[in-house]
Amino acid sequence: MSNGFDDIPFFDEEPAPRKPAASPAPAPSAPAGGGLGIAARAMAARDQARAPDYLSGLNPEQREAVETVDGPVLVLAGAGTGKTRVLTTRIAHILATNRAYPSQILAVTFTNKAAREMKERVGHLVGGAVEGMPWMGTFHSIGVKLLRRHAELVGLTSAFTILDTDDVVRLIKQIIQAEGLDDKRWPAKQFAQMIDGWKNKGLDAAQIPEGDARAFANGKGRELYAAYQARLKTLNACDFGDLLLHPIRMFKANPDVLKEYHQRFKYVLVDEYQDTNTAQYMWLRLLAQRPPGVPQNVCCVGDDDQSIYGWRGAEVDNILRFEKDFPGAKVIKLERNYRSTEHILGAAGFLIAHNEGRLGKTLFTDRVDPNDDKVVVHAAWDSEEEARAVGEEIEQLQRNQHPLNNMAILVRASFQMREFEDRFVTLGLNYRVIGGPRFYERLEIRDAMAYFRMVCQPADDLAFERIVNTPKRGLGDTTIRNLHDYARARDIPMLAAATDIIETDELKPKARKALFDVVTDFRRWQSLLENTPHTELAEQILDESGYTAMWQNDKSAEAPGRLENLKELIRSMEAFESLRSFLEHVSLVMDAETNENLDAVSIMTLHSAKGLEFETVFLPGWEEGLFPHQRALDEGGRSGLEEERRLAYVGITRAKRRCHIWFVSNRRIHGLWQSTLPSRFLEELPPAHVEVAESETSYGGYGRNPYGQSRFDKQEPFQNSYSTPGWKRAQANKTDATRDNWGNRSGHSVERIGYGESGPRAKTIEGELVAKSTSNEPSRFSVGDRVFHMKFGNGNVSSIEGNKLTIDFDRAGQKRVLDGFVEKA
DNA sequence: GGGGTACTCGTTTTT
DNA sequence: CGAGTACCCC
């Protein structure tokens, strides 16, 4: 796809007044407010010692990444190499050397958790809380901040509402119905995802590809998208995508505003750069690029090997093309790992080397201990036995004084969790599930929030529709539809329509009375908004509306929990100054907190494990079809497989000391039992760092595998296993990436899985960077060496290109192979 | 408006 | 198989 960035206005027209970006004197444009305290403290910290404290303990690469503050920098930080430390120290360094005020640093993360952590750690380094860093946050929260200031430039008012996915789906459903379409044939949820995808790519209705537009509702895709945007505008609302797109539009259309921010942001930092999508990339480029001659003090930190969000729009290309976007960029690799044993790193490194499109890093550690466990692969008969055996392993560790908090089970898909939960409940083993529905996604929280939204923003129709009949007030579908039509016909919000309609004879007396009560309630609450403490008002709203009573009268099992959640909602409100600021916080930031005091095993998906670490990690479900997931293969082709492999890499690298991988022979899928084959990823682990566990239970896999032997059935593991069914089936489905470890462009034609129109991404760029990043490192092989390859057998090295060897194999002929796959014979 | 039944669908998830 | 939804009938 031609990247739609070329229309981003650049700075050619600007005279490039060389602002002293790195000047020691802070620019006078720094806004007042809190920042000075930190700067002052930072300076004090600096003055205390010549070589500042915060720099000691960094390794040379980390230190370089911290101290290279002028000009663009890309830090390729492998798992466990101290990425966050570099980012936070870099900020501290900028502050301590007086290069900028805290308010002149733009620091972007993906999650609120990461932002929070970063604030905390910078605060710790500089001494004290970081109140003066107003521009540290997620893409979305910074987007909101920008939009609230300049809402009118994109046709909103600064009081706009932020809709969550649920609101969006309901809204789209209304639009689909309004178009006279069958909302069952064309599910709103699906269209919401399509819109999300377009917005991730930075496309508005006019820009979406014709094919996409046709793909939905008999070619009405574009029309519906436009209608949706129009509706958002009348509602004065944004979806999550708009929080990025509106600022982009605004900056493009108002270069003077953009310039203002260029002057403000002297330093730009981005975390997890490999996860940025196209819209975020455009946003960043607008803010970070400077006219020629002006230093672009942008620092992106990321790891292409941990890019696991391609399916939701992340573009690894962004990290791969950094040097093109920011000419003269310095690229710093962090490869010294402080987290894991050499076996864990060896296993992970060997696995990930099977990927083609990477910048090429190899993690290493000095911490070598002969007592370290190898990565252990276990077989089980079925998922029940898998859960039982993992449970036993955990209890064993527990008996040896290992806290449960140091253990995690990382699954590919959340349905796998259930089996473990069931087992742990019977064992009485504490566990916590990470992920799941967030606090603010819960029904009762969303209902309560809808009430609050209505009070703060009477025009919020979605909120109105949500709670107008909750609790039940006898306002059924007919009444609502009536009201809806009335409002639409006059182009007024529904609450206003309700106010009008109760003066007419349009409704039946019963409905009229009920609606009258609702309108009166809201009027009263609105009048209290300014002068009543917001927590008090919130409680009052929930009580007087009958919402609390509704749950008190509910005798279902969840009702008490819901009431508890409502209390929690009110409690958490205390930290905010107004109902309004609280609303914003909840829509963007609020998440359920975990009970840190409980010692428990964590259960989560591999995706949510990114960024975490545990002494012991269990990785169940390594079977073809589940991991790599069949759908990733079907829809993503080779790049889909590579993303799955990165996910496996993320999983293994979460482990500090012990990593146990499991696969089963039988798993229930869609209700019926299916025989499964070991994941191809198992075959991609290096024998030197992996051992295969003996059967530890009566149901153990040995001799029971209906597929005959695989290398995992044998006492002597890792013999050549390429005749196993797993391999054969993998062959049948395979892309060239795993086929011979290096794309084998000269080799046979290979059946491709669902390549589709998307095809492999940016091959040239990837290829170029791979070559570049490895060309200056001397190979450990020389031409003429006799080598052995797991699949091709013995051969002689005929030429070397970086880490890629051309080898004449005795039997298999000439192949190109990554040097990680051969050893000296 | 509630309750019961029929039907669909089945990776990963942040904001 | 089983959760979630949609729809229908009382």
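Remember, predicted model here, so these are calculated numbers, not experimental data. Convention: sequence-line order gives letters A, B, ...; per-chain numbering from 1.
Between the P atoms of B/dT11 and C/dG4, the separation comes to 15 Å (whole Å). Separation of the P atoms belonging to B/dT12 and C/dT5 is 15 Å when rounded to the nearest angstrom.
Atom NZ in A/Lys189 sits roughly 13 Å away from atom C1' in B/dT13 (whole-Å rounding). Note: CZ (A/Arg312) to P (B/dT13) measures 9 Å, nearest angstrom. The distance from atom CD of A/Gln274 to atom P of B/dT13 is 17 Å, rounded to the nearest whole Å. The separation between A/Asp166 atom CG and B/dT15 atom C1' is 15 Å, rounded to whole Å. We find that CG of A/Asp164 is positioned 14 Å from C1' of B/dT13, with the value rounded to whole Å. B/dT13 atom C1' lies 13 Å from atom CG of A/Asn277, rounded to whole Å. In this structure, A/Gln280 atom CD and B/dT13 atom C1' are separated by 13 Å, rounded to whole Å. Between A/Ile480 atom CD1 and B/dG1 atom C1' there is a gap of 13 Å when expressed in whole angstrom units.
Salt-bridge formation is not detected for the pair A/Lys199/A/Asp204: no Lys NZ or Arg NE/NH1/NH2 atom is positioned less than 4.0 Å from an Asp or Glu carboxylate oxygen.
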Which protein N or O atoms sit under 3.5 Å from an N or O of nucleotides 7-12 of chain B?
residue : atom : partner  : partner atom : Å
B/dT11  : OP1  : A/Arg631 : NH1          : 3.2
B/dT11  : O4'  : A/His629 : NE2          : 3.2
B/dT11  : O2   : A/Arg412 : NH1          : 2.8
B/dT11  : O2   : A/Arg412 : NH2          : 2.3
B/dT12  : OP1  : A/Ser414 : N            : 2.9
B/dT12  : OP1  : A/Ser414 : OG           : 2.2
B/dT12  : O4'  : A/Arg412 : NH1          : 3.1
B/dT12  : O2   : A/Trp311 : NE1          : 3.3
B/dT12  : O2   : A/Arg412 : NH2          : 3.2

Protein-nucleotides 3-6 of chain B N/O pairs under 3.5 Å:
none

Go through it in stages, so that I can follow the logic: the residues are A/Asp485 and A/Arg481, the test is salt bridge (Lys or Arg N to Asp or Glu O under 4.0 Å), and I'd like the CA-CA distance, side-chain angles, deciding distance and then a yes or no. CA-CA 6 Å; A/Asp485 293 345; A/Arg481 184 143 314 161; over 6 Å; no
Pair A/Arg646-A/Asp305, salt bridge (Lys or Arg N to Asp or Glu O under 4.0 Å): steps then yes or no: CA-CA 6 Å; A/Arg646 291 193 289 269; A/Asp305 289 334; over 6 Å; no
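A side-chain contact (heavy atoms from CB on, under 4.5 Å) with A/Pro247 is found for one member of A/Leu146, A/Ile142, A/Leu287 and no other, namely A/Leu146. When each of A/Tyr440, A/Phe452, A/Phe576 is paired with A/Phe582, the ring-ring contact (aromatic ring centres under 6.0 Å, His included) condition holds for A/Phe576 and for no other.
You can see that DNA chain C meets the heavy atoms of chain A within a 4.0 Å-exclusive cut from C/dC1 to C/dC7, reading 5' to 3'.
Partners of A/Phe614 under the ring pair (Phe, Tyr, Trp, His ring centres under 6.0 Å) rule, at least two apart in sequence or in another chain, do not exist in this structure. Residues that satisfy the ring pair (Phe, Tyr, Trp, His ring centres under 6.0 Å) test with A/His629, not counting sequence neighbours, are absent from this structure. Remark: A/Lys173 engages A/Asp183 in a salt bridge (Lys or Arg N to Asp or Glu O under 4.0 Å) (not counting sequence neighbours).
Residue A/Asn469 is in sugar-phosphate contact alone, with no base atom involved, counting any heavy-atom pair closer than 4.0 Å across all strands shown. Residue-level contact check: A/Leu163 touches neither bases nor backbone, having no heavy atom under 4.0 Å from any strand. Using a 4.0 Å heavy-atom cutoff across all strands shown, A/Gly143 reaches no nucleic acid atom at all. Counting non-hydrogen atoms under 4.0 angstrom, A/Lys510 reaches nothing in the nucleic acid.
A cation-pi arrangement, defined by a distance under 6.0 Å to the six-membered ring centre and an angle within 45 degrees of its axis, is absent between A/Arg231 and A/Tyr228. Cation-pi geometry between A/Arg645 and A/Phe681 is not met at under 6.0 angstrom from the ring centre and within 45 degrees of the axis.
Residues A/Phe251 and A/His150 place their aromatic rings such that the two centres sit no closer than 6.0 Å.
Dashed line: the shortest gap from a side-chain N or O of A/Asn112 to OP1 or OP2 of B/dT15 is under 4.0 Å.
Donor-acceptor pairing under 3.5 Å is lacking for the side chains of A/Thr470 and A/Asp447.
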